[in-house]
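In what follows, residues are counted from 1 in the order of the sequence shown. Just so we're clear, the structure is a prediction, and the values are computed from it rather than from any experiment.
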Amino acid sequence: KTRFAPTPSGYLHLGNVLSFLITASLAKKHAAKTLLRIDDLDQNRVRKEYIQDIFDTLDFLEIPYDEGPKSTAEFIQDYSQLNRLSIYKAYIQELKEKNLVFSCDCSRKTLLKKHPNGHYTGNCRDRGLPLNKKQTALRLITDSKQTVCIKSYMDAQRVHKLPDAMDFFMVQKKDGYPSYQLASMLDDIYFDVDLVVRGIDLWPSTLAQVYLSNQFNQTQNFGQTIFHHHPLYKKDGEKLSKSNGSY
């Protein structure tokens, strides 16, 4: 099973369409089922019209899927990630009990002061901030020597290390919602997805999610998922983004 996993934080653009078409093509080639999974944890940016745009786009392109919501109302009632918050929180609690996370209150401005690209350098790891302090994120204690195995659709299984950008990556955001890395990994497991198709820009996320899955005995099979990272559709040399109004 594979999936479409758009975010309703803006209207879809041609980059999303490219990913939909590649995913649908691979699903057809391998007689795989396809899930529509809409990632709506960024609640400050979610709009009903953006959710509806996902259904309208798939309908206009005549791209079928086998599982998932067929309307905005059905999505909100049965498929929203808000319905799975208890699952995410249980895994975050397990990380706390294993002493695998620390609390961080760094702002983006602070991150840029510490690293030219804003990568996190472990500033709060030894500060001992309470894990339940408001307006703080929870970050995973990562090991730069630990490796992950990735099964690629176009290549053999290979061993990789986390990139610098994923050192101490977040598992819970400052707003209390789980991070993309944790929620996406758990959702793919929850829906039995075993072929993940995404843009090459999400390669660091794939490494982070497989790394994270290895921290739990019950999610280690996520490492057997097959990943395909496709080239991005670019305009004037830049990748498209909902946040800057790409279409």
Side-chain angles (χ1 to χ4, degrees), residues 3 5 7 37 39-44 80-108 110-111 114-115 118-151 159-194 196 198 202-225 227:
R3 83 293 197 272
T7 57
R37 192 197 86 193
D39 294 353
D40 66 331
L41 281 179
D42 190 358
Q43 285 289 298
N44 288 331
S80 168
Q81 289 182 305
L82 299 180
N83 297 325
R84 297 188 292 281
L85 283 177
S86 61
I87 296 175
Y88 310 140
K89 289 181 178 179
Y91 280 88
I92 291 172
Q93 181 60 33
E94 183 174 339
L95 292 174
K96 290 180 179 178
E97 293 171 357
K98 290 181 174 179
N99 296 316
L100 290 176
V101 292
F102 62 92
S103 191
C104 169
D105 62 3
C106 290
S107 64
R108 290 188 179 183
T110 299
L111 297 185
K114 298 287 184 179
H115 191 283
H119 296 170
Y120 188 73
T121 57
N123 186 56
C124 293
R125 180 175 178 180
D126 298 319
R127 290 179 61 197
L129 297 174
L131 296 182
N132 60 352
K133 184 179 179 182
K134 292 184 178 180
Q135 290 303 306
T136 59
L138 290 181
R139 293 183 176 273
L140 188 71
I141 299 174
T142 56
D143 182 352
S144 61
K145 297 180 181 179
Q146 189 172 333
T147 59
V148 294
C149 293
I150 304 296
K151 296 179 69 175
V159 175
H160 304 270
K161 290 185 177 180
L162 281 179
D164 292 343
M166 286 298 165
D167 285 343
F168 310 111
F169 62 87
M170 283 193 294
V171 293
Q172 181 174 287
K173 300 180 295 180
K174 286 184 177 181
D175 59 10
Y177 284 111
S179 72
Y180 166 75
Q181 309 301 357
L182 183 130
S184 180
M185 181 268 290
L186 291 177
D187 280 353
D188 282 333
I189 293 170
Y190 179 85
F191 288 108
D192 296 320
V193 170
D194 56 8
V196 172
R198 50 176 42 147
L202 289 176
W203 169 247
S205 290
T206 293
L207 295 175
Q209 290 171 23
V210 175
Y211 184 101
L212 180 58
S213 72
N214 290 338
Q215 310 310 308
F216 308 101
N217 292 333
Q218 61 270 44
T219 63
Q220 289 186 359
N221 284 340
F222 185 69
Q224 298 305 306
T225 297
F227 294 90

Donor-acceptor pair between R127 and S103 side chains, under 3.5 angstrom: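 There is no such pair (donor and acceptor under 3.5 Å, judged by atom type) between the side chains of R127 and S103.
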
Any side-chain donor near an acceptor of the partner, Y211 and D143, under 3.5 Å: no

Trace of the side-chain contact (heavy atoms from CB on, under 4.5 Å) decision for Q224 with D194: CA-CA 8 Å; Q224 298 305 306; D194 56 8; over 6 Å; no

Counting only N and O atoms by type, is there a donor-acceptor contact under 3.5 Å from the side chain of [X] to the main-chain atoms of [Y]?
{"X": "K98", "Y": "Q215", "result": "yes"}
{"X": "D40", "Y": "Q81", "result": "yes"}
{"X": "T121", "Y": "K114", "result": "no"}

Considering non-hydrogen atoms only, spot the tightest contact between [X] and [Y] and give its length.
{"X": "T136", "Y": "K133", "value": "OG1-O, 2.6 Å"}
{"X": "V148", "Y": "L207", "value": "CG2-CD2, 3.8 Å"}
{"X": "Q181", "Y": "S205", "value": "NE2-OG, 3.0 Å"}
{"X": "S184", "Y": "R37", "value": "OG-NH2, 3.2 Å"}
{"X": "L138", "Y": "L131", "value": "CD2-O, 3.7 Å"}
{"X": "Y177", "Y": "L82", "value": "CE2-CD2, 3.7 Å"}

How long is the straight-line distance from [atom2] of [Y] back to [atom1] of [X], given to the nearest 0.5 Å?
{"X": "N221", "Y": "N214", "atom1": "CG", "atom2": "CG", "answer": "10.5 Å"}
{"X": "L41", "Y": "L85", "atom1": "CG", "atom2": "CG", "answer": "6.5 Å"}
{"X": "Q172", "Y": "M170", "atom1": "CD", "atom2": "CE", "answer": "10.0 Å"}
{"X": "N123", "Y": "D105", "atom1": "CG", "atom2": "CG", "answer": "8.5 Å"}
{"X": "S179", "Y": "Q209", "atom1": "OG", "atom2": "CD", "answer": "8.5 Å"}

How about [X] and [Y]: do any of their side-chain heavy atoms sit closer than 4.5 Å?
{"X": "P178", "Y": "K89", "result": "no"}
{"X": "F216", "Y": "L186", "result": "no"}
{"X": "W203", "Y": "H160", "result": "yes"}
{"X": "L212", "Y": "F169", "result": "yes"}
{"X": "M166", "Y": "T142", "result": "no"}
{"X": "T225", "Y": "D188", "result": "no"}
{"X": "R139", "Y": "C106", "result": "no"}
{"X": "Y120", "Y": "D167", "result": "no"}

Chi angles and distances behind the side-chain contact (heavy atoms from CB on, under 4.5 Å) call for V210, F222: CA-CA 7 Å; V210 175; F222 185 69; 4.0 Å; yes

Residues L95, V171; criterion side-chain contact (heavy atoms from CB on, under 4.5 Å); working and verdict: CA-CA 9 Å; L95 292 174; V171 293; 4.1 Å; yes

Within 45° cone and under 6.0 Å: R3 NZ/CZ vs F191 ring: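 R3 over F191 ring: no.
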
Cation-pi geometry met for R125 and F168 (6.0 Å, 45°): no

Chi angles and distances behind the side-chain contact (heavy atoms from CB on, under 4.5 Å) call for C104, K174: CA-CA 9 Å; C104 169; K174 286 184 177 181; over 6 Å; no

